[in-house]
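Heads up: the structure comes next, in structure tokens.
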Amino acid sequence: MEVYLIAKSQPIYHTISQWLSKHHVDYKPTTTHSTEAIAEYAGRVCYDSFANPRPGGTQAYLQNILKQGHGSVLEHCVYTFAFVGLSRVCTHELVRHRAGFSYSQRSQRYCDEGCMNVVDPLQGIEIGDKLREEIRECIDKSRELYDKICSLLEREGYQRKVVRSVARYFLPQGISTEIVVTANARSWRHFLETRGSRHADREIRLLANKVLDKLLEDSPNLFGDYKREPLGDGTCEITTEWEKV
Ligand SMILES: Cc1cc2nc3c(=O)[nH]c(=O)nc-3n(C[C@H](O)[C@H](O)[C@H](O)COP(=O)(O)OP(=O)(O)OC[C@H]3O[C@@H](n4cnc5c(N)ncnc54)[C@H](O)[C@@H]3O)c2cc1C
């Protein structure tokens, strides 16, 4: 599974200066992380606290926002990810997250799945060579069946879109897919907490850990409160004292 942070919110400092001139200040957050700066600007407008800010800079300011649960401030920071090589099982769980999320997923109606890969959920689970071979054969059979249905319906003169729409019903749930997901920092936090739980499925917990890696690189003051505890399956449980801000 690969996780790419492909876009994020950026402040436009020259228009921010124009805006803040109305407040007779020219405030610049101490953070070098642009996404965090947006959250700080949004938070400071609530209490008109641009002049004479408390010590501690962005780090102390955003920590207090998280502690107070002033979550709407985080909604102004938006991150777009491309997830590659995760299963449709996993994306089916992912798309259950509604508030603040947008999705664009590889279409099985338009794209050919003849060369499909299946995500292996058996990481670290010993099942023996015989069962492994049976699984391999079953996946090969699924590919053959898919190609057979496509060829037959194409020969019958059905449109390519119709052909793939029908053939996809017989693909395995574990088929590898690709999805672009956009959400704001508040929504990503909720995702990390629910899917980083030890009770969540391993694959989506792995995804949550990889997302957290990227978010920590980009915005340590918005996600730095998370603690991780290894669960012995290649993933960590993700917890925080400031849940659901
Ligand atoms: C361990 C685990 C097991 C699960 N098992 C199942 C299962 O067996 N079957 C199943 O169907 N799902 C299951 N789910 C999915 C779960 O029910 C949620 O759909 C999913 O986690 C998305 O969470 P959410 O609704 O809080 O997120 P979002 O949709 O992103 O919503 C975020 C928050 O916004 C608020 N909100 C959003 N929509 C509404 C609304 N319509 N009304 C009121 N408030 C709203 C809520 O406070 C919500 O927590 C499971 C999830 C986990 C983590």
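Counting starts at 1 for both ligands and their atoms, following the listed order. What you see is a predicted model, and the numbers here were worked out from it, not measured in a lab. Reckoned from all heavy atoms, side chains included, excluding hydrogens, waters and symmetry mates.
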Review point. Under 4.0 Å from atom 16 (C) of ligand 1, is there any protein heavy atom?
Key: no
Exercise for review: Compute whether any side-chain donor of one residue and acceptor of the other, for D225 and T240, lie under 3.5 angstrom apart.
Suggested key: yes
Review point. Would a 4.0 Å cut-off, counted as strictly less than, catch a protein heavy atom around atom 38 (N) of ligand 1?
Key: yes
Check your understanding: Can you check whether a protein heavy atom sits less than 4.0 angstrom from atom 51 (C) of ligand 1?
Key -> yes
Review point. Are any of the side-chain nitrogens in E178 or R106 under 4.0 Å away from the carboxylate oxygens of its partner?
Key: no
Review point. For atom 31 (O) of ligand 1, what's the nearest protein heavy atom and its distance?
Key: A99 CB, 3.8 Å
Review point. Can you check whether a protein heavy atom sits less than 4.0 angstrom from atom 19 (O) of ligand 1?
Key: yes
**Study point:** Same apolar cluster (I L V M F W Y, side chains within < 4.5 Å links), L145/V163
**Key:** yes
Review point. Near T194, which atoms of ligand 1 are under 4.0 Å from a heavy atom of that residue?
Key: 53 (C)
**Study point:** Intermediate values then yes/no, salt bridge (Lys or Arg N to Asp or Glu O under 4.0 Å), K141 and E137
**Key:** CA-CA 6 Å; K141 275 236 159 6; E137 282 171 13; over 6 Å; no
**Study point:** Whether E93 lies under 4.0 Å from ligand 1, heavy atom
**Key:** no
Check your understanding: Is there at least one protein heavy-atom neighbour under 4.0 Å from atom 44 (N) of ligand 1?
Key -> no
Check your understanding: Short N/O distance, under 3.5 Å, between A200 and ligand 1?
Key -> no
Review point. Does a donor on one side chain sit under 3.5 Å from an acceptor on the other, for S34 and Q10?
Key: yes
Check your understanding: What atoms in ligand 1 come closer than 4.0 Å to a heavy atom of H199?
Key -> 1 (C)
Exercise for review: From atom 21 (O) of ligand 1, work out which of R186, R96, R195, H190 has a heavy atom at the shortest distance.
Suggested key: R195
Practice item. Check whether the side chains of Y79 and S219 place a donor and an acceptor atom closer than 3.5 Å, and report yes or no. Key: yes
Review point. Does V245 belong to the same Ile/Leu/Val/Met/Phe/Trp/Tyr cluster as L212, with side-chain heavy atoms less than 4.5 Å apart forming each link?
Key: yes
Review point. Under the criterion ring-ring contact (aromatic ring centres under 6.0 Å, His included), which of F81, Y226, F223 is the partner of W188?
Key: F81
Review point. Should one rank H92, R98, R205, K244 by closest heavy-atom distance to atom 29 (O) of ligand 1, which comes out on top?
Key: R98
Review point. Nearest protein heavy atom to atom 3 (C) of ligand 1: under 4.0 Å?
Key: no
Point to revise | Verify atom 6 (C) of ligand 1: protein non-hydrogen atom under 4.0 angstrom away | key: no
Practice item. Ignoring hydrogens and angles, state whether a donor on the side chain of T177 or Q105 is under 3.5 Å from an acceptor on the partner side chain. Key: yes
